[in-house]
Novice: 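Structure incoming, see below.
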Number of protein chains: 2
Amino acid sequence: MQSGEKPAAAAEVRVLGSWASPFVMRVMVALRLKGVEYELLQETMGKKSELLLASNPVHKKIPVLLHRGKPISESLVIVQYVDEVWPPPASILPRDDPYAAAIHRFWGQYIDDMVSTLASMQFPPRIRILRGTVPGDKDEASDEMTTALLYLEEAFVECSKGKQYFGDDSIGYLDIALGSHLGWIRAVERIAGVELLGGAKVPNLAAWADRFCGHPAVVDVMPDVDILVEFTAKLI
Amino acid sequence: MQSGEKPAAAAEVRVLGSWASPFVMRVMVALRLKGVEYELLQETMGKKSELLLASNPVHKKIPVLLHRGKPISESLVIVQYVDEVWPPPASILPRDDPYAAAIHRFWGQYIDDMVSTLASMQFPPRIRILRGTVPGDKDEASDEMTTALLYLEEAFVECSKGKQYFGDDSIGYLDIALGSHLGWIRAVERIAGVELLGGAKVPNLAAWADRFCGHPAVVDVMPDVDILVEFTAKLI
């Protein structure tokens, strides 16, 4: 970067993260929706930078948003912060509709609770069960996720009101909360040979997933499924 | 109630809950802060009413707020809804200060994560360990909570800015999130003979706890510690 070329903008908003983390992706998509420039500082897996330890001393986890040096942690807290700091027209939580906002927050929390199931699938034990390479109840592991996705299919119908996204005509809070996991969900489908979004059980969600992944605010930060599969293969 | 005596107000806002639940208490304190009249519909422990099952089909848990018949679930989601629907002057999340709001939400989430530790203390196994009546690491069980309270002591200093509450001069989101657990924290101290708030480790938090419990929006809905101790005695 040449001296004088937007140095303030680059330093103003920084994200401590990693390309493979769905939680970091939430933050990047929110910033992109708002048209905010940011700098992604990649954390190395298995190490924690001094900046991360200083910025999130409680959890020591990514993502952290540094806005003018002030740290904010927890992905959905950051998404709400981004929504409140940077003005419309791009609105993430439904505006002037507290009930719709509450429904989005409810399902956002549900996704985070259920995500412990989905995200833990990244890790060897669960994937080995799903692949059938170690003993364990494959159906149970798969059913938990299917149940969650069936609930989210219903939530999509309720929130989107027949439009494109959970956020109606545009990407909103719940699109970001769930959409950030799509790369991993698809990777798990491929690795474990299970149908999650791919089956016929959640047709609205499956069509939404394709739209979400192709959205201009998403396409450049959605990790490639092939690379996630390769990344995971090293672990299992 | 005589016919014609505020029937609309009573029916407009209903809370499905229980007197002993800290999560239900959050909702009641938020409504009281806003001066909103509500009707508490007590759920019976071990049973779930048809209204609860219909209102929160996903989790089937209290609290549920019914506002003009529309259900909202998850205690901190409800608190934010109440804050957005009923206008200031009573403000729960810091207004016009997204950073302060993010800090409140961060710690609110921390409390909910840590609450699984505190709230599970209600239940026999953990309390038996703390009382030393069954084998288990008493120090470890106690240390987890002490660590959490030490973090929250720091958070109090940061958020209150030398004033009375996490919410500065008035009760806010984080006061509600943590304060609703005070009855149970004190009951556990007494039952298990451990010092949590009672010790000298968290002096600011201990003083805040007394203020919170005496606040007009809290005093009538904070469960009596003696009754909680008696209630728990039946279980252990």
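By convention in this document, chain letters (A, B, ...) are assigned in the order of the sequence lines, proteins followed by strands, and residues within each chain are numbered from 1. Quick caveat: nothing in here was measured; it's all calculated off a predicted structure.
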Novice: If you define the side chain from C-beta out and look only at heavy atoms, does anything of A:Gln80 sit under 4.5 Å from B:Gln80?
Specialist: yes
Novice: When rounded to the nearest 0.5 angstrom, what is the spacing between CG in B:Asp113 and CG in A:Asp112?
Specialist: 9.5 Å
Novice: Walk me through it: do B:Phe106 and A:His59 pass the test side-chain contact (heavy atoms from CB on, under 4.5 Å)?
Specialist: CA-CA 11 Å; B:Phe106 171 86; A:His59 300 302; 3.6 Å; yes
Novice: Do other residues, nucleotides or ligands put more than 12 heavy atoms under 6.0 Å from the CG atom of A:Asp96?
Specialist: no
Novice: Taking all non-hydrogen atoms of both residues into account, name the closest pair between A:Tyr151 and B:Pro57 and its distance.
Specialist: OH-O, 3.6 Å
Novice: How about NZ on B:Lys60, more than 12 heavy atoms from neighbouring residues, nucleotides or ligands closer than 6.0 Å, or not?
Specialist: yes
Novice: Please look at B:Asp97 and chain A and tell me whether the side chain, the backbone, both or neither of the residue comes under 4.5 angstrom of a heavy atom of that chain.
Specialist: neither
Novice: Do you know which two heavy atoms are closest between B:Ala101 and A:Glu84, and how far apart they sit?
Specialist: CB-OE1, 4.1 Å
Novice: Apply the test side-chain contact (heavy atoms from CB on, under 4.5 Å) to residues A:Glu74 and B:Arg105: give CA-CA distance (whole Å), side-chain angles for both, the deciding distance (0.1 Å), then the verdict.
Specialist: CA-CA 9 Å; A:Glu74 297 289 341; B:Arg105 288 195 178 106; over 6 Å; no
Novice: B:Val58 vs A:Trp107, test: side-chain contact (heavy atoms from CB on, under 4.5 Å). Steps then yes/no.
Specialist: CA-CA 10 Å; B:Val58 177; A:Trp107 286 112; 3.6 Å; yes
Novice: Under 4.5 Å between any side-chain heavy atoms of A:Pro71 and B:Tyr99, yes or no?
Specialist: yes
Novice: Which heavy atom of A:Ala102 sits nearest a heavy atom of B:Val77, and at what distance?
Specialist: O-CG1, 3.4 Å
